[in-house]
Amino acid sequence: MQSYTIGQAARLLGVSPDTARRWADAGRVTTHRDEGGRRLIDGRDLAAFSVGIAQAQPQGGNGEDDVPYTSARNAFPGIVTAVKLGDVAAQVEIQAGPHRLVSLLTREAVEELGLEVGMRATARVKSTSVHIDRT
């Protein structure tokens with residue numbers, strides 16, 4: 001069974017190592033120590049914890065930070081890092097935690113959304129074909 005350090009778990013959860021450490025200190029996720037004294041989280045425990053966090057987050061509401069109702073379950077909130085406009089098409093890059101997402105869309109859509117570098121945005125992914133690599 002694979003185990004993860006607090007730092008690795010934090011990157012996978014999209015939070016700071018301090019947040020992951022506080023969660024572990026509070027007993028929200030179980031840790032154990034390796035021979036070197038590092039705190040590790042069992043892979044199965046981390047997977048269950050990450051699902052629990054996702055389920056605890058609201059899926060809709062009226063507040064500014066609430067997620068709108070949508071059928072696209074793979075949401076990546078982040079910051080716009082690049083906008084490249086062409087005559088008809090545009091390319092928008094979003095950095096969402098460790099994930100860099102690139103979307104090709106119409107120039108009109110970018111202009112209607114008012115997308116600019118530095119603003120918050122959420123990339124939503126819905127696909128019939130998802131490839132998974134073992135790391």
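Side-chain atoms are counted along with the backbone in the values below, which use heavy atoms only and exclude waters and symmetry mates. All figures in this text were calculated on a predicted structure; none of them were measured in a lab.
Within the 4.5 Å cutoff, no side-chain heavy atoms of Thr81 are placed close to those of Ile94. At a threshold of 4.5 Å between non-hydrogen side-chain atoms, the residues Thr5 and Leu40 count as touching. The shortest distance between side-chain heavy atoms of Phe49 and Thr30 does not fall below 4.5 Å. Using a 4.5 Å heavy-atom threshold, the side chains of Arg124 and Thr122 count as touching.
A salt bridge links Arg39 with Asp25: the distance from a Lys NZ or Arg NE/NH1/NH2 to an Asp or Glu carboxylate oxygen falls below 4.0 Å. A salt bridge is defined here as a Lys NZ or Arg NE, NH1 or NH2 lying under 4.0 Å from an Asp or Glu carboxylate O, and Arg21 with Asp18 meets this definition.
Of all heavy-atom pairs spanning Ala96 and Leu101, the tightest one is CB-CD1, 3.9 Å.
Remark: Ser103 engages Leu105 in a side-chain contact (heavy atoms from CB on, under 4.5 Å) (not counting sequence neighbours). In terms of the ring-ring contact (aromatic ring centres under 6.0 Å, His included) criterion, Tyr4 has no residue partners (sequence neighbours excluded).
Within the model, atoms CG of Leu46 and CD of Gln2 stand 10.0 Å from one another, a figure rounded to the nearest 0.5 Å.
In the hydrophobic clustering of ILVMFWY residues, with side-chain heavy atoms under 4.5 Å counting as a link, Leu113 and Val110 come out together. Leu115 and Phe76 are not part of a single hydrophobic cluster, where members link through side-chain heavy atoms under 4.5 Å apart. Hydrophobic clustering, with ILVMFWY side chains joined whenever heavy atoms are under 4.5 angstrom apart, keeps Val83 apart from Val102.
The local environment of CD in Glu108 is sparse, with at most 12 non-hydrogen atoms from other residues, nucleotides or ligands closer than 6.0 Å.
Listed by first and then second residue, the side chain to side chain donor-acceptor pair (under 3.5 Å) pairs involving residues 85-94 are Gln91-Glu93, Glu93-Arg100 (not counting sequence neighbours).
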